[in-house]
Protein chains: 2
Amino acid sequence: MKIDPKSSADLSAQIAQAIKDAIVEGRLIVDERLPSEAELADQFQVSRPTVREALKRLAAQSLIRTQRGAFGGAFVNRLSFEDAYSQQITTSTLLLSMNAVSFDTACEARFALERACAPLSAERRTPDHLATMRAEIVRQNQPGLTDEAFCASDVAFHRALVDGAGNPVLSYQLAGAVEAMQPLMNMITFTARSREAIVALHTRIADAIEAGDATAADAALAELTAYTMTLKDDVMAARAARDKS
Amino acid sequence: MKIDPKSSADLSAQIAQAIKDAIVEGRLIVDERLPSEAELADQFQVSRPTVREALKRLAAQSLIRTQRGAFGGAFVNRLSFEDAYSQQITTSTLLLSMNAVSFDTACEARFALERACAPLSAERRTPDHLATMRAEIVRQNQPGLTDEAFCASDVAFHRALVDGAGNPVLSYQLAGAVEAMQPLMNMITFTARSREAIVALHTRIADAIEAGDATAADAALAELTAYTMTLKDDVMAARAARDKS
DNA sequence: GACTTTTAAATGTCAGACAAATAAAAAATG
DNA sequence: CATTTTTTATTTGTCTGACATTTAAAAGTC
């Protein structure tokens, strides 16, 4: 592991990149201990604070974990699906909020991906996934629910649907798309009537998944997509009318 | 922005989290300048190196960028799709390599997501996307190509297909799934015959996309999925036979 | 007015020190 | 001898203070 002394980039960034490369390329394996900060400082010919900044960069990406004390140090971390989930969700959320991604674009992506999972979920979902979906439908029927809580339950419902596919890679990919949509969905005011319509569609989806009917699930998801879009159009139209007056 | 003095976690981690929350919740907006390191140190009642470690954590996630010199400092960074791509690819790659995700699981996820894009791509692809796909097919036909180069071209072909959907959110999500598969695909030895079969399927996909025929594209993708799985089964069987002898 | 120089502010880096945690090794105890 | 306690060495976490480097604005010069 070497760094280029001629490079203009931060030393800590270069060191972090060198170690990251070693991990990605498999030269450093999971749970392997990195040299101590003092040794790394020696090796790279920099000071310890600089090494520490590099290690913090890696820790921020869950690539390493550190342990204090004798025989402590920095260890290559096994990137868990859970760690990846949360990173994915943050990144997706910021991506949408900072880049003026339209509601339509985000919505299209989300439902396109979700429809990719539906057939697999219809085939493989466990009773547990189904129970979660049903429970969320019950929650969504409660009259006193705030819009935020309704959205949160919506996310939970869809995550159960996706998880039902029994493919952690799909769940990981979808977690970002589904959760990142939540802030956008929160823009929508759910009237009693629109909630009713959504719950009806959720019920159709759950029924189809329970019956193992991929086609029906897909059709219901398609309708839900279209209905979500019209809801958003209504909100936009209402806002436009208000702003004009 | 405050930190909990009773918490046992690293100060730099706490500070990073506090700033991250402020960004995610929109209290700090894009291109806004953070206080200088000295001011942050004052504010959080810690030393400058600790603040710096926190800032490096954020920089590693592309949440901030730093600029030296007078009127420099740390600025909230607009998370670009490009930044997000590369993060997503690293994360996905490590996730697959570190968690013993089976070839089948990864392959299923990849093609399920890709099939979600195909109908949109058939509808919207530009001549540019189509040209890229055709060019990669030509490359894949070259006899001298190494397996690695063939895989790389395969990835480029599929990225063009996905990008053809014209939905950056989909492209972002898929980038990880497609690219992270590459190391796994590299396990496969592509014989002349298997390359021919794959190129034929690629051609069918490109034709379908050109014709705007979503159904045909989906069918070809489904066949490609199945064929990829059999290729991998052959490799596994060959290895098993070799190991036994 | 256009160009050059100065200057102040900020990050980047370093050196050295101490605190705190931790597990192994050593010592004490029954 | 077995168990418990104490010691000790190692390593990360944090602080202080300093200097180097970069950069853009301000001041000076022609």
Side-chain angles (χ1 to χ4, degrees), chain A residues 1-20 23 28 30-77, chain B residues 1-20 23 28 30-77:
Chain A
M1 275 192 313
K2 291 258 167 62
I3 56 175
D4 178 10
K6 282 167 301 212
S7 168
S8 65
D10 292 9
L11 289 173
S12 71
Q14 290 181 61
I15 294 169
Q17 189 61 51
I19 299 176
K20 183 174 176 176
I23 295 174
L28 290 171
V30 167
D31 292 334
E32 185 170 344
R33 182 181 177 280
L34 274 72
S36 73
E37 294 175 354
E39 286 170 319
L40 286 171
D42 242 37
Q43 192 175 317
F44 286 112
Q45 291 284 300
V46 298
S47 68
R48 194 159 82 92
T50 303
V51 167
R52 283 182 60 80
E53 286 178 11
L55 293 180
K56 295 311 162 201
R57 292 177 117 109
L58 299 174
Q61 299 171 273
S62 306
L63 290 177
I64 61 168
R65 61 178 186 278
T66 55
Q67 217 170 357
R68 288 175 75 165
F71 296 78
F75 298 83
V76 177
N77 197 31
Chain B
M1 274 192 311
K2 291 258 168 65
I3 56 175
D4 178 10
K6 282 168 298 210
S7 167
S8 65
D10 293 9
L11 289 174
S12 72
Q14 290 182 60
I15 294 168
Q17 189 60 52
I19 298 176
K20 183 174 176 177
I23 294 174
L28 289 171
V30 167
D31 291 334
E32 185 170 341
R33 182 181 176 281
L34 274 73
S36 74
E37 295 174 352
E39 287 170 319
L40 285 171
D42 242 38
Q43 193 175 318
F44 287 112
Q45 290 283 303
V46 298
S47 68
R48 194 157 83 91
T50 303
V51 167
R52 282 183 61 79
E53 287 178 10
L55 293 179
K56 294 311 163 202
R57 293 178 116 109
L58 299 173
Q61 299 171 274
S62 305
L63 291 177
I64 61 169
R65 60 178 186 278
T66 55
Q67 217 170 356
R68 288 176 73 166
F71 296 78
F75 297 83
V76 178
N77 196 32

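Only a predicted model underlies this, so the values are computations on that prediction, with no experimental measurement involved. Lettering of chains follows the sequences in order, A, B, ..., and the numbering in each one begins at 1.
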For atom [atom1] of [X] and atom [atom2] of [N], their distance in whole Å:
| X | N | atom1 | atom2 | result |
| --- | --- | --- | --- | --- |
| A/Arg52 | C/dT13 | CZ | C1' | 15 Å |
| A/Gln14 | C/dT13 | CD | P | 8 Å |
| B/Glu37 | D/dG17 | CD | C1' | 15 Å |
| A/Phe75 | D/dT11 | CZ | P | 10 Å |
| A/Glu53 | C/dT11 | CD | P | 12 Å |
| A/Gln67 | C/dA21 | CD | P | 14 Å |
| A/Arg48 | C/dA19 | CZ | P | 15 Å |
| A/Arg57 | C/dG12 | CZ | C1' | 11 Å |

Options [options], nucleotide nearest the side-chain atoms of [X]:
| X | options | answer |
| --- | --- | --- |
| A/Ser47 | D/dT14, C/dC14, D/dA24 | C/dC14 |
| B/Arg68 | C/dA15, D/dT11, D/dA20 | D/dA20 |
| A/Asp10 | D/dT12, C/dG12, D/dC15 | C/dG12 |
| B/Arg33 | C/dG12, C/dA10, D/dT23 | C/dA10 |

Rounded distance [0.5 Å steps], CG in B/Asp42 versus CD in B/Glu39: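 Rounded to the nearest 0.5 Å, the CG-CD separation comes to 8.0 Å.
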
Residue from A/Arg52, A/Arg57, A/Lys56 passing side-chain hydrogen bond (donor to acceptor under 3.5 Å, both in side chains) with B/Glu53: A/Arg52

Residue whose nearest DNA chain C nucleotide is more 5′ - A/Gln45 or A/Phe71: A/Gln45

For A/Gly69 and for A/Pro49, find the nucleotide of DNA chain C with the closest heavy atom, then tell me which residue's nucleotide is more 5'.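 The residue closer to the strand's 5' end, by nearest nucleotide, is A/Pro49.
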
Does OP1 or OP2 of D/dC15 have a side-chain N or O of B/Thr50 closer than 4.0 Å?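 True: B/Thr50 side-chain N/O within range (under 4.0 Å) of D/dC15 OP1/OP2.
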
Look at B/Thr66 and C/dG12 and indicate whether a side-chain polar atom (N or O) is within less than 4.0 Å of OP1 or OP2. yes

Do any N or O atoms from the side chain of [X] and from the backbone of [Y] form a donor-acceptor pair under 3.5 angstrom?
| X | Y | value |
| --- | --- | --- |
| B/Asn77 | B/Ser62 | yes |
| A/Gln14 | A/Ala9 | yes |
| B/Arg33 | B/Ala74 | no |

